[in-house]
Amino acid sequence: MNKSELTYSKTNFYEKNSESEIKAAYDYCVGYCEFMDESKTEREAVKTSIALAEKNGYKPYSFGMSINPGDKYYYNNRSRNLYLFRVGTEDINNGIRILASHIDSPRLDFKQTPIYEDGGFCFAKTHYYGGVRKYQWVALPLALHGTVAKKDGSVVDIKIGDELGDPVFYINDLLPHLAKDQNSKPLGTAIPAESLNIVLGSRPIKDEEGGDKVKLHILNLLNEKYGITEEDFLSADIFAVPAEKARDVGFDRSLISAYGHDDKVCAYPSLTALFESDDSVHTVMVVLADKEEIGSDGNTGMQCALFTDLMGAISEELGGNIYSVKANSKCLSADVNACFDPNFAEVFESRNCAKINCGITMSKYTGSGGKGGTNDAPAEYVAWIRKIFEDNGVIWQAAELGKADQGGGGTVAKFIAKHNIETVDLGVAVISMHAPYELVSKADVYTAHKAFLAFCKA
Ligand code: MN
Ligand code: MN
C-alpha cells in the first residue's frame with residue numbers, strides 16, 4: 001500500500017472540490033442566511049420551518065390521524081419545538097432515520113417584573129439563558145423578540161430592532177477611564193448577571209405627578225404599540241438577541257457571521273436534506289428541539305416523552321412493533337462543535353480537533369471529565385457512517401471539543417440514545433461558539449447538508 005492509503009489526514013473542501021461544487025456551497029448558504037435572519041428565536045425558527053415544510057408538501061399532524069407510506073407531516077409542539085416526518089415505503093420495523101438538532105440559542109431573557117427606572121433611564125432586568133459569556137453582551141445593538149400572552153387569551157408578538165429604521169436596545173459598559181477595579185477582576189465576574197440591564201429609553205412623560213416618569217413614558221409607548229401593561233410581562237417570553245443579521249465574512253466571502261449558528265446551522269441542513277430525500281425508502285424524522293442550551297428539560301426539550309410518543313404513533317399506524325422500531329432506528333445528533341482557533345490554540349488538542357473548511361465534524365463522544373455525561377457511539381455505528389459518507393463523497397472530519405480536562409459539553413445525543421436508538425454526534429464546527437456573533441464556514445455548512453442527505457437515503 002502507498003502512503004495515502006496507509007495514513008489518514010483531513011481533507012480541505014476547497015482543495016478537493018471543483019469550482020461548480022464550491023459555487024453550490026456558496027449558493028446553498030444564501031438560503032441558510034435567509035433562514036437565520038427569520039429564525040433568531042425558537043418560536044421564529046418553528047414558524048420559518050413550518051413555512052418551508054408546507055412549501056414542500058408537509059401537513060399538520062395530530063395524534064390519532066392515519067399514517068401511510070409517502071405521507072409528510074409536521075407536529076408543532078407549543079410553537080417552540082417542531083417534529084417533521086416523511087413516511088417511507090419500507091417496513092417500519094426497519095427503524096426511523098432521525099436527525100435531531102436544536103433551535104434555541106444563548107440570549108438574555110426578560111425577567112417577569114423587568115421594567116424599572118434608575119438614574120434617568122428606563123431599563124429591563126434580564127436573566128441570561130444558556131452558556132452566555134456575559135462580557136460579550138454589553139455595548140452592542142440588541143433586538144427584542146418575544147411573545148406576550150394576555151389574560152384574555154390573546155397573544156402579542158414583539159420583534160423590534162432588526163430592520164433598518166428600527167430602534168435598537170443596549171446594555172451599558174464601563175468606560176476604560178474608570179475601570180481600574182473592574183479590569184483586575186476575572187473575565188467571568190467582571191460583568192455580573194444583575195448588571196445586564198437593557199436600556200429601553202430615557203425620556204420622561206410630561207404633565208404627570210410623582211416619580212418614574214421615564215418608566216411611565218415607556219409603558220405608555222408599549223401600550224400604544226402592543227396594547228400591553230406592566231402586568232402583562234408576568235406572562236411573556238421576551239428575549240434580547242443581537243440586532244445584526246447574518247453576513248458574509250472575509251474578502252473571499254468564505255465565512256458567515258450570525259447570531260445562533262448553534263444550532264440552526266444543523267437545523268437548516270436537516271430540513272433541506274429531508275426535503276431533498278423524497279426518493280428515500282426510509283421513514284425520516286427531523287427534530288428541532290428547544291431548551292438544549294439549558295439541559296433539554298421541559299415539554300419542548302429533547303427529554304420530553306413527545307419524541308417516543310410520536311415514534312410510537314407512527315409505528316402503530318404502520319403496523320410496526322415500537323420496540324423493534326426503536327432498536328433499528330438510527331440517529332444523527334446534529335449539533336455544533338468547536339472549530340480550532342489559532343488565537344486560542346492552547347485549549348485544543350491539534351490531532352483531534354475540527355479544522356475550518358474540512359467538512360462536517362463527527363464526535364464519537366462528547367461530555368467532560370473522562371467522557372462524563374456522553375453517548376459514546378459504538379465503533380460499528382461510526383463505521384457505517386464512514387461508509388455512507390465515502391460512498392456519497394461527503395467531506396467530513398472526526399474531532400472532539402478541545403483538550404481533555406479543559407472543559408467539555410453535551411448534546412441531545414444521550415437523551416436519544418437512552419431510548420435504545422443508535423446515535424452519534426455530527427455537526428458544523430463553529431468559531432466563537434455562544435458569542436453574540438458566531439462564525440462558520442460556508443463549505444462546512446454545505447457538507448452538513450450533503451451528510452444529512454446521505455444519511456436520509458442510505
Ligand atoms: Mn448546540
Ligand atoms: Mn450551545
Side-chain angles (χ1 to χ4, degrees), residues 32 35-36 39-42 44-46 49 80-82 98-109 128-134 136-137 188 239 241-242 246 256-271 286-298 300-303 307 331-339 341 347 353-354 360-368 373-375 377 399-402 406-417 423-441 444-445 448 451-452:
Y32 173 57
F35 179 85
M36 291 302 276
S39 310
K40 287 187 176 177
T41 68
E42 59 271 13
E44 291 164 4
V46 164
S49 303
R80 286 173 287 150
N81 162 219
L82 188 68
I98 302 158
L99 285 163
S101 60
H102 68 92
I103 48 176
D104 61 316
S105 301
R107 61 184 187 233
L108 306 177
D109 293 357
Y128 65 99
Y129 175 95
V132 163
R133 306 195 77 195
K134 298 173 198 87
Q136 295 175 334
W137 289 76
F239 314 145
V241 294
I256 304 166
S257 70
Y259 163 67
H261 282 312
D262 178 7
D263 182 33
K264 268 92 77 177
V265 75
C266 296
Y268 180 75
S270 301
L271 291 171
V286 166
V287 190
L288 306 181
D290 180 27
K291 300 280 183 280
E292 193 279 339
E293 296 294 354
I294 54 169
S296 298
D297 296 299
T300 52
M302 199 66 237
Q303 298 198 64
F307 171 53
C331 175
L332 295 183
S333 164
D335 204 347
V336 299
N337 213 306
C339 183
D341 183 343
V347 303
C353 62
I360 189 160
T361 300
M362 184 201 285
S363 285
K364 189 172 176 299
Y365 47 86
T366 60
S368 59
T374 184
N375 157 64
E400 49 186 275
L401 197 68
Q406 183 63 47
T411 66
V412 298
K414 63 178 178 178
F415 304 123
I416 293 168
T423 304
V424 71
D425 278 290
L426 200 76
V428 175
V430 175
I431 292 276
S432 310
M433 195 195 297
H434 285 201
Y437 298 108
E438 303 169 317
L439 201 63
V440 295
S441 129
D444 294 341
V445 178
F452 298 164

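Counting convention: from 1, in listed order, for ligands and their atoms alike.
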*How about Y129: does its OH atom have over 12 heavy atoms from other parts shown lying under 6.0 Å from it?*
yes

*Starting from the Mn ion (ligand 1), look over the N/O/S atoms of D335 and name the nearest one.*
OD1

*Considering just N/O/S atoms, say which atom of D262 is closest to the Mn ion (ligand 1).*
OD1

*Taking both backbone and side chain into account, is any N, O or S atom of D263 nearer than 2.8 Å to the Mn ion (ligand 2)?*
no

*asked:* Measuring from atom CZ of F239 to atom OG of S105, what distance do you get when rounded to the nearest 0.5 angstrom?
replied: 10.5 Å

*asked:* Test side-chain hydrogen bond (donor to acceptor under 3.5 Å, both in side chains) on N337 and S363; report intermediate values, then the result.
replied: CA-CA 8 Å; N337 213 306; S363 285; 2.6 Å; yes

*What about H261 and Y32, are their ring centers closer than 6.0 Å?*
yes

*Once rounded to 10 degrees, what value does the angle at the Mn ion (ligand 2) take between NE2 (H434) and OE2 (E293)?*
100°

*Just wondering, is there an N, O or S atom on C266 that's nearer than 2.8 Å to the Mn ion (ligand 1)?*
no

*Determine, step by step, whether D290 and T300 satisfy the side-chain hydrogen bond (donor to acceptor under 3.5 Å, both in side chains) criterion, reporting the C-alpha distance in whole Å, the side-chain angles of both residues, the deciding distance to 0.1 Å, and the verdict.*
CA-CA 5 Å; D290 180 27; T300 52; 2.7 Å; yes

